[in-house]
Colleague: 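Pasting in a structure now, in structure tokens, and then I'll have a few things to ask.
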Amino acid sequence: MAGASANLDQRRDYAAPTHASSQITAPHIGALRLTHFRSHEQLDIACASGAMVLTGANGIGKTNVLEALSMLAPGRGLRSAAFDDMRFERRLGWTVSADIVTAQGTARAGIGWRDGARRVRLDGANGKLDDVAHLLPQLWLTPAMDRLFVDGASGRRKFLDRFAQSLDTTLSKALSAYEKAMRERNRLLQEPGGAHGSGETALWLDGLEEAMALHGVAIAAARLTALDALAVGLAAIPEAAFPRAEIALIGTLEAALRMQSALEVEDGFRARLKATRPLDGAAGRCLEGPHRSDLQTIYAAKNMPAADCSTGEQKALLVGLILAQAHSVAAQRGDVPILLLDEVAAHLDRTRRGALAEILCELGGQSWITGTDRHSFDGFETVFGTDLAAINMQENGAGNNFDARENGSEDNE
Ligand SMILES: Nc1ncnc2c1ncn2[C@@H]1O[C@H](COP(=O)(O)OP(=O)(O)O)[C@@H](O)[C@H]1O
Ligand SMILES: [Mg+2]
């Protein structure tokens, strides 16, 4: 691990946790630098380890900062955007550099995009994004997810898979391998005679279905593990503040795995794929598999499907789910994930905002929270005290330096 940067030196005393220590450092960003990322030509933020509150008018670049942080996780980030679009005024490329502080020390991670390729640096050498993600698990909640319960199942699958991914880092590989095999199978089945074909095409389909069965069962198993972990997390969040959700997974492989061995489920799925070639060929898509599963959410106290709840209730359910996820990741991995909560305060009343601050503080990780109104976060300042950095991006403008020690209370120095 690299040496800590200047502003982190004072935290060295966290570096050697013992079993006796009450508080082990949760992984967090100590310092962040964006270069040519979206609206930020260059932006430096020195961070507090508790709450990072970003405020400022619409369009000032708050979500852009969270999106930059999400570059430290696999995938295309919290906007699911194209990396090219993240280039500041279409410059050549962008970089996101972060000092990741963990109980073991500080690692410097850098993610860069240039000439159509992503490069990952970790402690001065080429690294893997999975390794960065492993150091710094993260979860996010954005306004785009407000329609999670109402819109199609794919958003809910992604929501669960992102969480499952933070428990099982091999899931993303299984998901992309499954997708790839399925796409290729769909393509072959569309070819004249493909679905009823014999010889080479049939052999090729056998191989693809073999891969789909193998990875499909791995995906379903990872989701079931995540679902069970989430149920434990949900029970740990006080129901008074955020309504409890009851969750279930609707999916053929997931259901089968509750009753049969993985091998049996795999064999069954492979056989069904083979049998449904003509059907899938006619439909132009694969009609069964983990790509069709859905996460069902019920507002427990009312026994009401989440989709039928009010907008405010749905938001509170979502926040409760994210907090439960954070709880589960912490319990399973021992590391509290960082939370990116975009515009989360707007939908919550004062009491719920206060409860959110307390739960986040108790979780003990780093939370990045944005909002237009600084006063929505008064409760956060009370709860987090000096472990909070409130950054008003308005005052500083874009392309600037934000130092938690100046912006926050009397933090650190
Ligand atoms: N590639 C880019 N280069 C420069 N500016 C960008 C780029 N992408 C988005 N922006 C600008 O970023 C702003 C939106 O930033 P955002 O972080 O979403 O604001 P908010 O503070 O409301 O969350 C918009 O003004 C948009 O024009
Ligand atoms: Mg925003």
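All values below were derived from every heavy atom in this structure, side-chain atoms included, with hydrogens, water molecules and symmetry-related copies excluded. All figures in this text were calculated on a predicted structure; none of them were measured in a lab. Each ligand, and each atom within it, is numbered from 1 in the order the structure gives.
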Colleague: Is atom 26 (C) of ligand 1 touching the protein, meaning some protein heavy atom lies under 4.0 Å away?
Modeller: no
Colleague: Looking only at side chains, do Glu288 and Thr276 share a donor and an acceptor under 3.5 Å apart?
Modeller: no
Colleague: Going by the atom numbers of ligand 1, which of them fall below 4.0 Å from some non-hydrogen atom of Gly61?
Modeller: 15 (O), 16 (P), 17 (O), 19 (O), 20 (P), 21 (O)
Colleague: Counting only heavy atoms, which portion of Thr370 has something under 4.0 Å from ligand 1: side chain, backbone, both, or neither?
Modeller: neither
Colleague: Short N/O distance, under 3.5 Å, between Asn58 and ligand 1?
Modeller: no
Colleague: Under 4.0 Å from a heavy atom of Arg87: give me the atoms of ligand 1 that qualify, with their elements.
Modeller: 1 (N), 2 (C), 3 (N)
Colleague: Applying the salt bridge (charged side-chain N to carboxylate O under 4.0 Å, His left out) criterion to Asp206, which one of Arg270, Arg277, Arg185 satisfies it?
Modeller: Arg277
Colleague: Are any of the N/O atoms on Gly59, whether in the backbone or the side chain, positioned under 3.5 angstrom from an N/O atom of ligand 1?
Modeller: yes
Colleague: Would Arg79 count as a contact residue for ligand 1, given that I'm defining contact as a non-hydrogen atom of the residue lying under 4.0 Å from a ligand atom?
Modeller: yes
Colleague: To the nearest 0.5 Å, how far apart are CZ in Arg292 and CG in Asp294?
Modeller: 10.5 Å
Colleague: If the cut-off is 2.8 Å, does any N/O/S atom of Asn64 fall short of it from the Mg ion (ligand 2)?
Modeller: no
Colleague: Of the choices Asp342, Asn64, Asp84, which has the non-hydrogen atom that lies closest to atom 15 (O) of ligand 1?
Modeller: Asn64
Colleague: Rounded to the nearest 0.5 Å, how far apart are CG of Leu317 and CZ of Arg244?
Modeller: 11.5 Å
Colleague: How about Asp130 and Thr169: does a side-chain donor come under 3.5 Å of a side-chain acceptor?
Modeller: no
Colleague: Look at atom CD of Glu362 and say whether more than 12 heavy atoms of other residues, nucleotides or ligands are closer to it than 6.0 Å.
Modeller: no
Colleague: So which protein heavy atom does atom 11 (C) of ligand 1 come closest to, and at what separation?
Modeller: Ser39 CB, 3.9 Å
Colleague: Near Phe88, which atoms of ligand 1 are under 4.0 Å from a heavy atom of that residue?
Modeller: 3 (N)
Colleague: Distance check, rounded to the nearest 0.5 Å: His347 atom NE2 versus Leu318 atom CG?
Modeller: 10.0 Å
Colleague: Does even one non-hydrogen atom of Gly56 get within less than 4.0 Å of ligand 1?
Modeller: no
Colleague: Does some non-hydrogen atom of the protein lie less than 4.0 angstrom from atom 21 (O) of ligand 1?
Modeller: yes
Colleague: Look at the rings of Phe269 and Tyr178 and say which category their plane angle falls in: under 30° parallel, 30 to 60° tilted, over 60° perpendicular.
Modeller: parallel
Colleague: Return a yes/no value for Ile60: is any of its N or O atoms, backbone included, closer than 3.5 angstrom to an N or O of ligand 1?
Modeller: yes
Colleague: What protein heavy atom sits nearest atom 23 (O) of ligand 1, and how far off is it?
Modeller: Thr63 OG1, 2.7 Å
Colleague: Parallel, tilted or perpendicular, judged at 30° and 60°: which one describes the rings of Phe380 and Phe377?
Modeller: perpendicular
Colleague: In Å and rounded to the nearest 0.5 Å, what is the CZ to CG distance from Arg162 to Leu171?
Modeller: 11.0 Å
Colleague: Could you list the atoms of ligand 1 found under 4.0 angstrom from a heavy atom of Ala57?
Modeller: 21 (O)
Colleague: Go through the side-chain N and O atoms of Asn58 and Thr372 and say whether any donor and acceptor fall under 3.5 Å apart.
Modeller: no
Colleague: Evaluating non-hydrogen atoms only, which member of Lys62, His36, Arg38 is closest to atom 2 (C) of ligand 1?
Modeller: Arg38
Colleague: Under 3.5 Å, N or O to N or O, is Glu89 touching ligand 1 that way?
Modeller: yes
